Protein chains: 2
Amino acid sequence: MATGREIAELCGVSVATVSRVFNQPETVNDETRERVLRVARELDYQPNESARALSTKQSTMIGLVWDTDHRRPGWRHPYLQDLLIGLKSALSAHGYHLLMLATSGDSREVGASLADPVGYVNMTRRHHLGGLVLIDSGSDAEAFETFAQSGVPCVALDVAIAGPKATYVTSDNAAGAASAVRHLARLGHSRIATITGPPGNQPAEARISGYHKAMRESGLRLRDDYVVAGDFYRASGTAAMQRLLALDEPPTAVFAASDEMAVGALLAARAAGLRIPEDLALVGFDDIEIASVVDPALTTVAQDKPGFGVAAAKAIMAMITGADREEPVILPTQLVVRDSCGS
Amino acid sequence: MATGREIAELCGVSVATVSRVFNQPETVNDETRERVLRVARELDYQPNESARALSTKQSTMIGLVWDTDHRRPGWRHPYLQDLLIGLKSALSAHGYHLLMLATSGDSREVGASLADPVGYVNMTRRHHLGGLVLIDSGSDAEAFETFAQSGVPCVALDVAIAGPKATYVTSDNAAGAASAVRHLARLGHSRIATITGPPGNQPAEARISGYHKAMRESGLRLRDDYVVAGDFYRASGTAAMQRLLALDEPPTAVFAASDEMAVGALLAARAAGLRIPEDLALVGFDDIEIASVVDPALTTVAQDKPGFGVAAAKAIMAMITGADREEPVILPTQLVVRDSCGS
DNA sequence: CTGAAAGCGCTTACAG
DNA sequence: CTGAAAGCGCTTACAG
């Protein structure tokens with residue numbers, strides 16, 4: 001590995017000049033600059049990022065906080081892949097890399113295990129990370145407070161946080177849910193139930209309020225027995241559907257707050273001998289891959305998956321370069337009409 | 001941020017001793033060690049990783065090479081998420097983090113854009129990465145040669161590479177395919193076709209050879225018109241199925257080399273008025289989530305998804321700590337019998 | 001068991 | 001426009 005010093009010697013300049021060529025090229029004489037650049041290329045010079053970070057006290061990395069190995073082992077972010085792609089590309093455009101922070105502690109290390117928020121914050125300091133992107137893995141909301149207060153730039157996905165350098169991005173869940181319910185109402189349904197996400201989860205709550213709003217606006221009666229709680233996973237959708245079907249007056253349409261639960265509901269309905277959409281109209285939320293392949297294909301509220309990553313990257317970069325607390329980003333959703341609710 | 005020097009002063013020892021406490025604790029006097037440890041804890045000391053890496057010439061990060069933004073925009077690794085989880089956990093256990101290398105070049109930087117292999121290798125040097133995990137994103141095979149020859153420890157997923165410090169992990173694709181075909185044969189089918197992956201793709205080729213082997217062993221006739229090429233994606237499965245159905249003597253069973261293509265085939269068969277499994281038996285490969293939710297649920301050859309990550313991590317760690325070229329890891333597969341092929 | 005010293009490779013005021 | 005010097009915070013022989 002060639003170093004700046006070698007280049008300096010070969011060019012007959014000082015290492016300071018070599019450094020300037022790469023960091024403030026405009027301040028160095030054209031001729032000198034070209035010479036340095038040429039030699040650098042010949043030696044395949046790669047600046048040592050550790051030295052750079054040590055000296056500047058900042059790295060070109062953003063940390064990703066994503067707990068994988070505790071609680072809800074089956075949990076899977078509904079569109080992690082799209083999100084990562086968006087995030088990585090947007091970050092790349094700014095020359096930043098994405099560091100997936102280790103999660104299980106290396107007990108030899110100072111400080112607590114990485115599974116806890118302070119562990120992550122510590123890692124952020126050790127590596128001089130530019131910021132943190134937080135993926136909610138269920139019930140991390142309060143841990144996220146720690147991040148938000150730590151002062152390091154961070155943006156959370158799907159959970160509202162606030163702090164000196166903290167913000168979040170989420171879908172317009174209320175509007176999305178409302179559009180789904182309104183669509184059902186327009187199709188003539190009046191007995192519209194909803195299967196919700198877990199209590200306490202913010203997108204889940206917002207979707208419930210969207211459901212309420214659209215029901216009211218459509219002049220439909222809200223009844224408690226038409227709101228049954230799930231946990232976003234498939235099995236809970238099945239269970240919820242069974243409860244709805246057991247009602248004296250079962251709904252003719254169901255809005256499930258996730259595609260997974262919609263699929264679960266679909267399975268339950270099918271098992272009960274109902275035809276979809278003839279006997280029961282169904283709408284989901286997310287527009288994950290499954291939605292389009294299930295039979296009948298699921299009408300659903302699509303989230304802007306790559307948009308999450310892009311917005312997160314943008315917010316992080318803004319905060320790194322000064323901004324003090326970005327406005328939260330609320331991404332629009334889109335109703336994708338397929339076959340599961342008739343038309 | 002407290003530094004080692006501050007601790008040293010507070011404890012009345014040298015920074016060398018502080019350093020030893022964390023790196024070779026056994027070499028320092030018990031009492032001194034405890035004192036340093038206590039003060040370190042009080043100050044919430046976090047060793048500066050940049051300084052550490054600069055001094056030791058190695059970081060605690062492994063790079064992930066995963067090209068996302070060129071070619072095949074729709075391409076998605078069939079189980080990236082499970083793979084990442086396995087990889088991250090296994091790496092964490094060794095105290096390593098996973099760095100998702102930026103992919104689009106920051107043109108201000110020396111050297112070529114990151115989209116090319118040398119860009120990645122350069123980044124590896126700059127950051128003193130311990131090694132590289134390579135995810136094949138389609139036609140990167142030859143670029144992977146560059147990595148393999150570079151001397152940095154690397155393990156590729158699903159593409160065979162060899163080099164001073166290179167190895168790979170892949171499923172036993174031939175055996176997996178053979179088990180699927182054998183199962184079909186045992187069910188009484190003799191007209192068994194296959195929809196293959198893209199030519200040149202190693203897992204695809206291996207699955208074809210497994211198909212051949214099982215056909216021969218089952219005493220079934222191999223015919224060219226029963227082998228039609230796809231590209232692992234859904235649409236190609238549909239197209240391939242249509243071609244098979246147009247044959248004078250269409251197959252009664254189809255082994256698709258990916259679940260996505262199997263779903264595509266299923267759609268085509270259904271559109272043609274065939275019942276599954278009555279009129280056509282279908283087996284896929286991968287066992288992605290869709291397989292179990294499609295109707296009828298897909299019989300498929302499951303890959304050990306987290307196993308990929310774990311094996312990759314293990315191989316990387318072995319190579320970092322000395323080993324010169326690990327043996328390739330061939331993961332067993334498992335036939336998951338569901339409804340799409342009768343029983 | 002411990003300290004002084006050199007070194008890792010860069011950046012950044014400060015002079016000139 | 002350029003160089004000398006100090007500094008970033010750690011690790012590691014080398015003495016003692």
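Chain letters run A, B, ... following the sequence lines, proteins first, then strands; residues in each count from 1. Bear in mind the structure is a predicted one, so any value in this text is a computation, not a measurement.
A straight line from CG of A:Asn48 to P of D:dC10 spans 16 Å, rounded to a whole angstrom. Residue A:Glu9 contributes atom CD, which lies 12 Å from atom P of C:dC10 at whole-angstrom precision. The interatomic distance linking B:Arg52 (CZ) with D:dC8 (C1') rounds to 16 Å, in whole Å. One interatomic measurement links the two molecules: OH of A:Tyr45 to P of C:dG9, which rounds to 10 Å at whole-angstrom precision. Straight-line distance from the NE2 atom of A:His128 to the P atom of C:dT11: 15 Å, rounded to whole Å. Going from atom CG of A:Asp30 over to atom P of D:dC1 covers 8 Å, rounded to whole Å. The nearest whole Å value for the distance from the CD atom in B:Gln24 to the C1' atom in C:dT2 is 12 Å. Atom pair B:Gln58:CD and C:dG9:P shows a separation of 14 Å (rounding to whole Å applied).
In this structure, B:Val13 reaches the sugar-phosphate backbone alone: every heavy-atom distance under 4.0 Å involves primed, P, OP1 or OP2 atoms, never a base. B:Ser19 comes within contact range of at least one nucleobase, with a heavy-atom separation under 4.0 Å. Among the protein residues, A:Thr3 comes within range of the sugar-phosphate backbone only, with heavy atoms under 4.0 Å from sugar or phosphate atoms but none that close to a base. Residue B:Ser50 is classed as having no contact, given no heavy-atom separation below 4.0 Å to the nucleic acid.
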Dot-bracket for DNA chain D, please. Rules: Watson-Crick or G-U, both distances under 3.5 Å, ( ) within the strand, [ ] when a pair crosses earlier ones, | for another strand, . otherwise. |||.||||||||.|||
Check the pair B:Leu132, B:Phe147 against side chain to side chain contact (heavy atoms under 4.5 Å, CB included), reporting the backbone distance first and the verdict last. CA-CA 8 Å; B:Leu132 249 24; B:Phe147 294 114; 3.8 Å; yes
Trace of the side-chain hydrogen bond (donor to acceptor under 3.5 Å, both in side chains) decision for A:Arg35 with A:Asn29: CA-CA 10 Å; A:Arg35 191 149 33 102; A:Asn29 173 51; over 6 Å; no
Decide yes or no on side chain to side chain contact (heavy atoms under 4.5 Å, CB included) for B:Tyr96 and B:Ile320, but give the supporting numbers first. CA-CA 11 Å; B:Tyr96 274 75; B:Ile320 289 179; 3.8 Å; yes
Could you walk me through whether B:Leu129 and B:Leu101 pass side chain to side chain contact (heavy atoms under 4.5 Å, CB included), step by step? CA-CA 11 Å; B:Leu129 299 184; B:Leu101 266 356; 4.1 Å; yes
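Here B:Thr17 reaches the OP1 or OP2 of C:dG3: one of its side-chain N or O atoms lies under 4.0 Å away. Neither OP1 nor OP2 of C:dT11 sits under 4.0 Å from any side-chain N or O of A:Lys57.
With hydrogens and angles left out, the side chain of B:Arg20 and the base of C:dG3 share a donor-acceptor pair within 3.5 Å.
With the nearest nucleotide of DNA chain C identified for both B:Val15 and A:Ser55, B:Val15 has the one nearer the 5' end. Heavy-atom nearest nucleotides on DNA chain C were determined for A:Asn23 and for B:Arg35, and the one closer to the 5' end corresponds to B:Arg35.
Of the candidate nucleotides C:dG9, D:dT12, D:dG3, C:dG9 has the atom nearest to the side chain of A:Ala51. The side chain of A:Pro47 approaches C:dC10 more closely than any other nucleotide in the set D:dT2, C:dC10, D:dC8. Nearest nucleotide to the side chain of A:Ala16, out of D:dC1, C:dT12, D:dG9: C:dT12.
Using a 4.0 Å cut-off between charged side-chain N and carboxylate O, A:Arg5 and A:Glu9 make a salt bridge. A salt bridge links B:Glu42 and B:Arg38; the closest N-O separation between the charged side-chain nitrogens and carboxylate oxygens is under 4.0 Å.
Evaluated for a side-chain hydrogen bond (donor to acceptor under 3.5 Å, both in side chains) with A:Asn48, the options B:His128, B:Lys57, B:Arg125 yield exactly one hit, B:His128.
Using a 4.5 Å heavy-atom cutoff, the side chains of B:Leu134 and B:Tyr120 are not in contact.
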